[in-house]
**Student:** 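Once you've had a glance at the structure underneath, I'll fire off some questions.
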Amino acid sequence: MTTEAEPLVLEFAVQGMDFTAAGEAASSIRKTCMKLGLPARDVRRVAIVAYEAELNVVIHAWKGTVRALVFGDRVELVVEDSGPGIPDIAQAMVEGFSTAPDHVREMGFGAGMGLINIQRHADDLVIESVVNVGTVLRATVRLGAG
Amino acid sequence: MRVGRYFHSVTLDAEKCKGCTNCIKHCPTEAIRVRDGKAVIKEERCVDCGECIRICPNHAKVAVTDELAELSRFRHTIALPAPALLGQFGPDTLPDQMLGALVGMGFDEAFEVALAAEAVTYAFRRIIESGEAPGPRISPACPAVLRLMQVRFPSLLDLLIPIEAPMEVAARMAKKQALARGSLNPEEVGAFFITPCPAKVTAVKQPVGTHASCVDRAISMAVAYGEIRKNLSTASPVPLRATGPGLGWGRAGGEAMALARGTVLSVDGIHSVIKVFEEVERGRLQEIDFIEAQACVGGCIGGPLVVQNPFVARVRLRNIAGQHWAKTSLFTPAELEAEFASGAWHMTRVVGPRPVMQLDDDVQRAIGKLKLAEEILDRLPGLDCGSCGAPSCRALAEDIAREDADETDCIFILRERVQVLAEGVVDLASKLPPAIRAEKKKDGEPA
């Protein structure tokens with residue numbers, strides 16, 4: 001078995017309710033994927049997953065980090081936050097289900113599509129959450145699989 | 001004009017360039033570096049948007065266009081004025097006079113690009129209403145936006161409406177009409193676009209949606225403006241045939257107004273276009289049917305080759321379009337449908353990606369280079385001062401990883417190294433071997 005090369009790691013801090021900076025991490029990850037010459041379809045999938053996961057932290061959590069680990073054959077996105085957590089993950093995965101407050105919905109966010117979009121565009125998705133502690137989301141986009 | 005692998009209208013006048021680094025920071029594709037005191041454009045990255053032309057305080061960035069003398073190369077010449085041209089003149093100049101003065105420059109006839117814009121509007125409507133796309137359809141009218149998509153947003157190329165820009169369609173229509181009169185051979189007819197921007201010149205010399213443009217030459221609107229002014233009082237008027245919706249294409253929001261249906265997002269200014277495209281890629285704009293995107297703020301009236309202030313031009317063009325809004329179009333709906341169905345306005349070549357942003361052709365090697373760039377970036381000051389000739393510390397770090405630059409190109413790193421070296425020299429100077437110490441003592445003795 002050959003050992004896998006160390007991935008390129010990108011890490012960004014995300015602040016809850018900071019809508020002015022929301023999307024910067026995803027935008028930066030996208031740019032990096034372009035510089036690596038990843039296939040256009042995969043760049044798009046990574047951009048969507050990273051953006052939705054970043055927005056979830058901004059909308060729901062207190063603070064968190066977005067990390068992208070780029071390997072030669074896949075991009076792993078690990079988004080960790082400290083926040084209220086998700087009491088019922090199965091319910092949160094239902095289209096249109098949202099716990100976003102009204103003022104966030106008025107900004108056009110929190111339509112209950114975030115996790116659905118992540119699931120749709122990632123090849124693997126694992127969510128672990130502890131109420132009032134936080135959530136860890138791991139999504140993998142395999143290059144050339146989309 | 002030189003035509004290599006990439007033709008670019010945007011070029012450098014090296015004599016005027018002071019190497020000031022103003023341009024490098026405004027380039028949306030980070031295509032410019034300063035080397036040996038002069039700006040150097042990376043040809044494969046340039047999208048001819050003209051941002052650098054606008055920003056250069058020394059007017060060292062120029063748009064190469066064709067000379068008026070080129071008119072003599074053709075037996076029959078057709079002027080193709082961009083709609084923005086009408087916005088360049090004051091309220092006392094009637095459009096008919098302006099067109100007459102344009103023909104008076106030495107053309108045999110004029111065919112307004114605004115006429116083709118009416119046809120293109122019809123084609124857009126038909127394609128948008130066919131509803132076969134996973135997101136909002138994107139206008140292909142601005143050639144700088146088209147090239148930006150190839151370089152930075154290849155995943156959105158599927159959303160592009162595969163219809164040629166009005167300039168190209170106008171040339172096809174005008175030439176067809178001229179040849180139908182019977183006495184001319186195709187190579188004797190020259191179509192001259194009066195252009196507001198360098199991107200259109202590049203679209204003529206090196207088109208992306210077709211193998212060869214029907215437009216033969218591109219004359220700068222600023223040059224044409226001067227000639228038209230000279231002829232205004234003497235030329236006989238030529239009636240303006242285009243209607244308001246086509247004329248409105250000369251300014252941002254004009255495509256949306258002409259379409260007059262659906263939910264349309266109009267965005268102008270290349271940096272704003274990038275922001276909107278990011279949103280589209282994220283699948284966030286599902287309610288939008290069509291995106292009108294223009295690289296210049298204000299649309300074509302904001303092009304680098306126009307004369308008039310774009311805000312003044314906008315109101316003038318809006319007034320003229322308003323006066324000609326209800327006029328009967330040159331084309332009947334049946335004619336438009338027949339031409340559309342025949343594919344006469346369609347692109348004949350798929351617009352593919354231009355992958356030039358990557359650090360290496362191999363993903364694994366690119367990852368290695370980017371990791372190296374991240375390490376280098378940690379050592380750089382993060383001031384993005386531009387003194388190294390790259391637009392930002394990150395860009396320099398990537399250039400170094402690509403072996404296109406050296407760490408000591410950074411003046412802060414260079415200063416640190418010089419300091420360390422200087423300290424070492426001072427240190428060494430005080431340390432002399434015993435034999436020389438004795439010599440020195442001898443030297444120091446009084447004679």
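A note on names: the letters A, B, ... follow the listed sequences, proteins ahead of strands, and every chain is numbered from 1.
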**Student:** Could you check whether any side-chain heavy atom of Leu143(A) comes within less than 4.5 Å of a side-chain heavy atom of Val75(A), counting everything from C-beta outward?
**Tutor:** yes
**Student:** With a 4.5 Å cut-off on heavy-atom pairs, point out which of Thr32(A), Leu10(A), Leu36(A) contacts chain B the most.
**Tutor:** Leu36(A)
**Student:** Identify which part of Arg402(B) has an atom lying under 4.5 Å from any heavy atom of chain A, answering side chain, backbone, both or neither.
**Tutor:** neither
**Student:** Select, from Pro39(A), Cys33(A), Ala40(A), the one with the greatest count of heavy-atom pairs under 4.5 Å involving chain B.
**Tutor:** Ala40(A)
**Student:** Could you tell me which of Arg365(B), Lys369(B), Glu374(B), Arg152(B) has the largest number of non-hydrogen atom pairs under 4.5 Å with chain A?
**Tutor:** Arg152(B)
**Student:** Which residue out of Ala5(A), Ala50(A), Pro7(A), Ala47(A) racks up the most heavy-atom pairs below 4.5 Å with chain B?
**Tutor:** Pro7(A)
**Student:** With a 4.5 Å heavy-atom cut-off, do His121(A) and Val141(A) have their side chains touching?
**Tutor:** no
**Student:** Heavy-atom cut-off 4.5 Å, strictly under: side chain, backbone, both or neither for Arg30(A) against chain B?
**Tutor:** side chain
**Student:** Between Glu278(B) and Ser27(A), do the side chains contain a donor N or O and an acceptor N or O under 3.5 Å apart?
**Tutor:** yes
**Student:** For Glu279(B), which atoms come within 4.5 Å of any heavy atom of chain A: side chain, backbone, both, or neither?
**Tutor:** side chain
**Student:** Which bit of Pro353(B) comes within less than 4.5 Å of chain A, counting heavy atoms only: side chain, backbone, both or neither?
**Tutor:** neither
**Student:** Between Glu281(B) and Ser155(B), is any side-chain donor less than 3.5 angstrom from a side-chain acceptor?
**Tutor:** yes
**Student:** Under the side chain to side chain donor-acceptor pair (under 3.5 Å) test against Ser129(A), which residue among Thr135(A), Asp81(A), Asp88(A) passes?
**Tutor:** Thr135(A)
**Student:** Is there a side-chain contact between Phe71(A) and Val363(B), using heavy atoms and a 4.5 Å cut-off?
**Tutor:** no
**Student:** Is it the side chain or the backbone of Glu52(A) that comes within 4.5 Å of chain B heavy atoms, both, or neither?
**Tutor:** side chain
**Student:** Tell me, for Val151(B) versus chain A, whether the close heavy atoms (under 4.5 Å) come from the side chain, the backbone, both or neither.
**Tutor:** backbone
**Student:** How about Ile400(B) and Asp409(B): do any of their side-chain heavy atoms sit closer than 4.5 Å?
**Tutor:** no
